[in-house]
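Some notes on the structure that comes next.
Chain identifiers are assigned alphabetically (A, B, ...) following the order of the sequence lines, protein sequences preceding nucleic acid strands; residue numbering begins at 1 within each chain.
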Amino acid sequence: MTGPRYRFAPSPTGFFHVGGARTALWNWALARREGGTFVLRIEDTDEARNRPEWTQGIIDALAWIGIHADDPHFEGPYFQSHYAEQHVAAAQRLHAAGAAYYCDMTAADIEARNKADGTQGYQGWSRDRGLGPGEGRVLRFRVPEGSTVVHDQVRGEVTFDNATIEDFVLLRGNGSPMFLLANVVDDLSMGITHVVRAEEHLPNTPKQQMIWQALGHQPPTWAHVPVLVNEQRKKLSKRRDKVALEMYRDEGYLAAAMVNYLMTLGWTPKGGSEIADWANMEADFRLSDVNLSPAFFDLKKLAAFNGEYIRAMSPGAFLDAARPWLTATDAPYPVDRFDETVFLAMAPHIQPRCVTLADAPGLVDFLFQPEVAIDSEAWAKATGTADAVAVFRAASSAYEGLTEWNADALKAALEAAGEAHGLKLGKAQAPVRVAVTGRTVGPPLFESLECLGRDETLRRMRAAGALLA
RNA sequence: GCCCCCAUCGUCUAGUGGCCUAGGACACCACCCUUUCAAGGUGGCGGCACGGGUUCGAAUCCCGUUGGGGGUGCCA
């Protein structure tokens with residue numbers, strides 16, 4: 001595969017951050033449309049972040065949002081920890097070339113020196129001491145004079161005065177490489193041409209660009225996209241906010257809705273509608289159209305997208321998507337009583353009432369429960385007047401004699417019973433609904449009764465009628 | 001503190017000097033539809049942070065102020 005090489009470089013943390021998902025999606029759209037490659041690199045050099053199952057979690061999460069490892073545009077995963085030797089070798093080259101030097105000052109030394117001098121940060125104190133490598137000595141990059149200009153695809157030119165950048169650490173005192181170095185060396189050896197990542201990396205960029213240049217290469221094309229924030233306008237964090245993509249998946253959000261919503265955070269699909277399919281978004285996405293300010297990750301809007309996608313599904317697709325919830329052991333009915341044919345018949349009435357797939361079982365529970373628990377408050381309210389009771393009795397006997405058991409006939413019979421007592425359908429249906437479903441609210445009643453079936457409906461109505469005696 | 005980024009309805013955004021009396025979506029409110037609840041339809045509320053320039057003309061360009069965010073590790 002020729003063409004541009006984008007990369008996505010998450011560090012394994014045990015969950016997949018929604019902000020990372022958006023970055024991955026943007027990289028993916030670009031790599032695919034431009035006939036390039038999406039390189040996945042797991043940045044696992046921090047010892048504490050190194051668990052094999054976390055990597056699998058990343059692969060699974062990517063697959064969920066449509067970034068499949070078997071797609072020809074996908075490459076990886078690579079593991080940063082496997083390339084430590086290359087990182088160290090590059091550091092040694094920088095040292096040999098005079099672009100880096102060793103320093104034996106500890107954090108405490110630096111603090112003391114700052115206090116004495118009234119300065120802040122590391123002031124290049126070991127630059128000319130000619131120290132060689134040794135236990136406890138870090139290798140620092142010798143930041144040159146002048147300024148560094150970063151050409152950014154979304155932000156334009158960003159200039160940094162090198163005097164404001166301290167001589168940063170390349171190799172730790174124990175000889176292990178730091179992120180800044182490892183990241184550059186990997187990007188370089190993996191032939192990365194485009195780095196599209198979150199804005200929090202912008203301050204790192206001049207440093208990385210200097211490393212690229214010191215290593216004798218042209219830096220890649222940079223693009224720093226805005227971060228996602230919470231209602232307090234702070235960067236979404238795992239401590240405060242619900243950031244795990246897996247959590248949304250488990251709560252019944254559809255991948256397509258999530259992908260669509262994430263794509264619109266900082267960018268708008270062409271054509272006037274925010275609801276867009278992947279093919280169109282992939283074709284239209286441009287970094288130059290990305291908004292520059294942080295975007296609020298709005299659960300309410302996500303929910304609206306999800307509802308939109310659920311309503312657009314065929315009943316069959318809806319059943320397939322909701323099956324894990326419909327047949328879960330904690331469903332509000334015995335799982336073995338769940339009937340797909342019955343559910344399919346009700347699906348068109350359930351879909352407009354679902355925000356997430358997890359809402360489905362609660363809307364059809366009465367169809368699969370052997371016995372419904374009648375909410376006493378609801379029942380009291382629905383049968384609170386003499387007319388209501390009379391209508392319920394009239395409807396019960398009408399239903400007993402019904403020859404055709406379908407929604408139209410059920411509706412007509414109840415309507416007739418209601419009219420005899422001056423009750424409109426809205427009032428007249430209430431006792432029947434409570435008697436059969438246990439609640440005052442739910443999917444359309446007559447369709448529900450049709451699906452429930454004659455025998456069970458009549459049985460429940462008789463049982464409820466007995467409560468009136 | 002220092003460095004960097006950003007600034008259109010509550011939120012996500014359209015807008016790239018005249019098409020802007022600033023458009024859409026979500027949220028909210030009202031009404032309609034109606035078999036409860038949804039969905040759907042119609043309408044409403046609501047914004048160019050502020051101050052200076054540049055220009056015949058500025059939401060759009062420049063400067064400043066204010067506000068917000070990010071970074072500032074021998075984390076990534």
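- Backbone-only engagement by A/Arg155 is indicated by non-hydrogen atom pairs under 4.0 Å involving sugar-phosphate atoms exclusively.
- The side chain of A/Asn291 lies closest to B/rU13 when the candidates are B/rG24, B/rA38, B/rU13.
- When each of B/rC26, B/rC6, B/rU35 is scored by its nearest atom to the side-chain atoms of A/Arg433, the top-ranked nucleotide is B/rU35.
- Residue A/Gln351 is classed as having no contact, given no heavy-atom separation below 4.0 Å to the nucleic acid.
- Taking the six-membered ring where tryptophan is involved, the planes of A/Tyr122 and A/Trp125 are perpendicular, since the angle between them exceeds 60° and thus also 30°.
- At the heavy-atom level, A/Gly426 lies under 4.0 Å from the strands shown only through sugar-phosphate atoms.
- No contact: A/His224 has no heavy atom under 4.0 Å from any strand.
- When the nucleotides B/rC4, B/rU11, B/rG69 are ranked by their closest atom to the side chain of A/Pro294, B/rG69 comes out on top.
- Using a 30° and 60° split on the angle between ring planes, A/Phe179 and A/His201 fall in the tilted class, from 30° to 60°.
- Residue contacts for A/Leu292: at a heavy-atom cut-off of 4.0 Å it reaches the sugar-phosphate backbone alone, with no base atom in range.
- Note on A/Glu200: only backbone sugar-phosphate atoms sit closer than 4.0 angstrom, heavy atoms only; bases stay farther off.
- Among the heavy atoms of the strands lying under 4.0 Å from A/Thr440 is at least one base atom, whether or not backbone atoms are also near.
- The residue A/Glu447 sits close to a base: some heavy atom pair falls under 4.0 Å.
- Between A/Tyr248 and A/Tyr253, the ring planes lie perpendicular to each other; the angle is over 60°, past the 30° to 60° tilted range.
- Within 4.0 Å (heavy atoms only), A/Pro10 reaches no atom of the nucleic acid at all.
- Between A/Val441 and A/Ala295, the one whose closest nucleotide on RNA chain B sits nearer the 5' end is A/Ala295.
- From A/Ile65, atom CD1 reaches atom CG of A/Leu245 across 6.0 Å, with rounding to the nearest 0.5 Å.
- Residue contacts for A/Lys424: at a heavy-atom cut-off of 4.0 Å it reaches no nucleic acid atom on any strand shown.
- Residue contacts for A/Asn204: at a heavy-atom cut-off of 4.0 Å it reaches a base atom on one of the strands shown.
- Among the protein residues, A/Ala304 comes within range of the sugar-phosphate backbone only, with heavy atoms under 4.0 Å from sugar or phosphate atoms but none that close to a base.
- Using a 4.0 Å heavy-atom distance criterion, A/Phe160 is classed as a sugar-phosphate-only contact.
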